[in-house]
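Numbering of ligands and ligand atoms starts at 1, following listing order.
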Amino acid sequence: MSITEGRKIEMENFKVKDIALASRGHLQIEWASQHMPVLNQIKKRFNKEEPFKDLTLGACLHVTKETAVLVNAFLAGGAKVALCGSNPLSTQDDVAAALAERDVNVFAWRGQTTEEYYWCVERAIDQKPSITLDDGADLVGTIHNKRTEALSNIKGGTEETTTGVLRLRAMEKTGALKYAIIAVNDAYSKYLFDNRYGTGQSTIDGILRATNILLAGKNFVVCGYGWCGRGIAMRAHGMGASVIITEVDPLKALEAAMNGFRVMPISEAATIGDIFVTTTGDISVVRREHMQKMKDGAILANSGHFNVEINIKDLEELATSKRNIRPNLDEYALKDGRRLYLLGEGRLINLAAAEGHPSEVMDMSFANQALCVEYLAKNERMPPKVYLVPKEIDETVAKLKLDAMKIKIDELTEEQKKYLATWEMGTL
Ligand SMILES: NC(=O)c1ccc[n+]([C@@H]2O[C@H](COP(=O)([O-])OP(=O)(O)OC[C@H]3O[C@@H](n4cnc5c(N)ncnc54)[C@H](O)[C@@H]3O)[C@@H](O)[C@H]2O)c1
């Protein structure tokens, strides 16, 4: 599919791979929705209150069945939604088709070139959103770099992931940021669950779907022991792998060591690892000098936001030939006869080779998105800064999830409230 073909239908309301996939997409969305009780409860209220009446929302999110449940909640609240994917390889084409059928201005298909990817981002901007939702800050970035005429209409935005929040904070610091952003990623009810349990499970899922290898007994190297890295390490350990952590932060490295993992520099891990997974948000974490030391058959995957963590240019340069073995599994043959295997073109493996996070986790992340977008819609325009998710929203999401899981917790007694608020009382 070329950009020229895309331009031919520029005046149309959507561009997806194949609209005939819609019926399968509707079933996928229905399945996800059954596992997203918090978002459904919010949707019910939106339906009654219509907080987004006459508003256009512009979203650059992975176009998955869970994102569709979020979009449906916005539609129920009276919004018009323009949607593009937040990664060239993460769109679920059946879901995109189903959304197009529901009059969402969706511009997304799986397997885009970089040019096609940004073409879709611009089509979402064409719909003149007044609130933006991002996963990786590409929508905000394009608006600020190239489509500044869109700024006057925008009241605020939200950001879903760590890498996006980092980029937005850098924009704020240099004075480049022109509208308020709520960092959904930084809500407790997001990163403690989504980044840890979501990425943990779905990264393993992606690796297994791409390779079907046995994890038990393998040296499984996780680069970065942040929220995602902790989850991946925990799950790989649970599958019987021998987990090795590489880090640059002494505290995280110490935590990994005390959680029972081997910690070492990547240059050392490179020689013994069977599987490498990067999840740092950083660039060239696995590069030429490491690839030169790796064992024959080593597998490389990334679960960080951008495809820059494994230096693919280095891999291409070291290789004498490349073959696609099966979906999302490319073999690179090196001069000395060793073979290295790259999964999902180095893009986030849980979305490239699997389906992203399970719906139960996205239920909380997207409940935060829904409530933060409502917050932006209802309040006056805020100064252009990166804001934390309001504490009430974070707590509401956790409470609704506990309710949905039928888990009850204790409440502070009057005596306890008083005790916790005073400093005079010591040992009795
Ligand atoms: N795959 C997904 O679905 C998914 C979900 C959530 C977040 N993400 C992305 O995953 C990445 C990590 O997110 P996070 O929330 O875990 O971030 P985090 O900040 O909690 O953790 C990143 C860790 O990487 C470490 N690090 C940085 N450079 C390193 C290097 N060169 N070598 C080793 N370690 C290094 C940091 O010290 C930090 O501990 C981000 O790009 C984020 O956007 C992906």
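Closest protein heavy atom to atom 3 (O) of ligand 1: Asn350 ND2, 2.8 Å. For atom 43 (O) of ligand 1, the nearest non-hydrogen atom of the protein is Thr161 OG1, 2.6 Å. Among all non-hydrogen protein atoms, the one lying nearest atom 44 (C) of ligand 1 is Ser303 O, 3.2 Å. At the shortest separation from atom 22 (C) of ligand 1 among protein heavy atoms lies Thr280 O, 3.6 Å. The protein heavy-atom contact nearest to atom 12 (C) of ligand 1 is Thr279 O, 3.5 Å. Nearest protein neighbour of atom 39 (O) of ligand 1, counting heavy atoms only, is Glu247 OE2, 2.5 Å. The protein heavy atom nearest to atom 16 (O) of ligand 1 is Cys228 N, 2.9 Å. Scanning the protein for heavy atoms near atom 9 (C) of ligand 1, the closest one is His305 N, 3.6 Å.
Contacts with ligand 1 closer than 4.0 Å are made by heavy atoms of both the backbone and the side chain of Thr162. Residue-level proximity to ligand 1 for Lys252 is carried by the side chain, the only part with a heavy atom below 4.0 angstrom. Contacts between Asp282 and ligand 1 below 4.0 angstrom, taking non-hydrogen atoms only, involve the side chain exclusively.
The shortest distance between side-chain heavy atoms of Leu315 and Met291 falls below 4.5 Å. Between Tyr332 and Leu318 the shortest side-chain heavy-atom distance does not fall below 4.5 Å. Using a 4.5 Å heavy-atom threshold, the side chains of Ile266 and Val285 count as separate. When side chains are defined from C-beta on, Leu89 does not count as touching Leu351, because their heavy atoms never get closer than 4.5 Å.
In this pair, Trp119 and Trp109 present their aromatic rings tilted. The plane angle is within the 30 to 60° band. Between Trp31 and His35, the two ring planes are perpendicular [angle over 60°; tilted spans 30° to 60°]. In this structure, His237 and Phe261 have perpendicular ring planes: the angle between them is above 60°, well past the 30° mark. Ring planes of His62 and His305: tilted class, angle from 30 to 60°.
Arg196 places a side-chain N or O within 3.5 Å of a backbone atom of Leu192 that can act as its donor or acceptor partner.
The Asp249 neighbourhood of ligand 1 comprises atoms 37 (O), with distances under 4.0 Å to a heavy atom of that residue. Within ligand 1, the atoms closer than 4.0 Å to a non-hydrogen atom of Thr163 are 40 (C), 41 (O), 42 (C), 43 (O), numbered from 1 in the order shown. Within ligand 1, the atoms closer than 4.0 Å to a non-hydrogen atom of Thr246 are 33 (C), 34 (N), numbered from 1 in the order shown. Close contacts of ligand 1 with Gly281, meaning ligand atoms under 4.0 Å from a residue heavy atom, involve 11 (C), 40 (C), 41 (O).
Remark: ligand 1 and Gly229 share no N or O pair separated by less than 3.5 Å (distance only, no angle test). Backbone and side-chain nitrogen or oxygen atoms of Asp194 are examined, and none is located within less than 3.5 angstrom of a nitrogen or oxygen of ligand 1. Close N/O approach between Thr199 and ligand 1 is not found [any backbone or side-chain N/O within under 3.5 Å]. Here's the thing with Glu309: none of its N/O atoms is less than 3.5 angstrom from an N/O atom of ligand 1. Checking only distances, Lys190 never comes within under 3.5 Å of ligand 1, N or O to N or O.
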Evaluation steps, side chain to side chain donor-acceptor pair (under 3.5 Å), between Arg262 and Ser242: CA-CA 8 Å; Arg262 280 185 285 169; Ser242 170; 2.8 Å; yes
Gln369/Glu160 under side chain to side chain donor-acceptor pair (under 3.5 Å): CA gap, chis, key distance, verdict: CA-CA 8 Å; Gln369 284 282 8; Glu160 170 78 9; 2.9 Å; yes
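For the pair Arg230 and Tyr225, the cation sits on the ring face: its NZ or CZ lies under 6.0 Å from the ring centre, inside 45° of the axis.
Under a 4.0 Å heavy-atom criterion, Trp227 is in contact with ligand 1. Heavy atoms of His357 come nearer than 4.0 angstrom to ligand 1 in at least one pair.
Considering Ile125, Thr132, Ile131 in turn, Thr132 is the only one that fulfils the side-chain contact (heavy atoms from CB on, under 4.5 Å) rule with Ile154.
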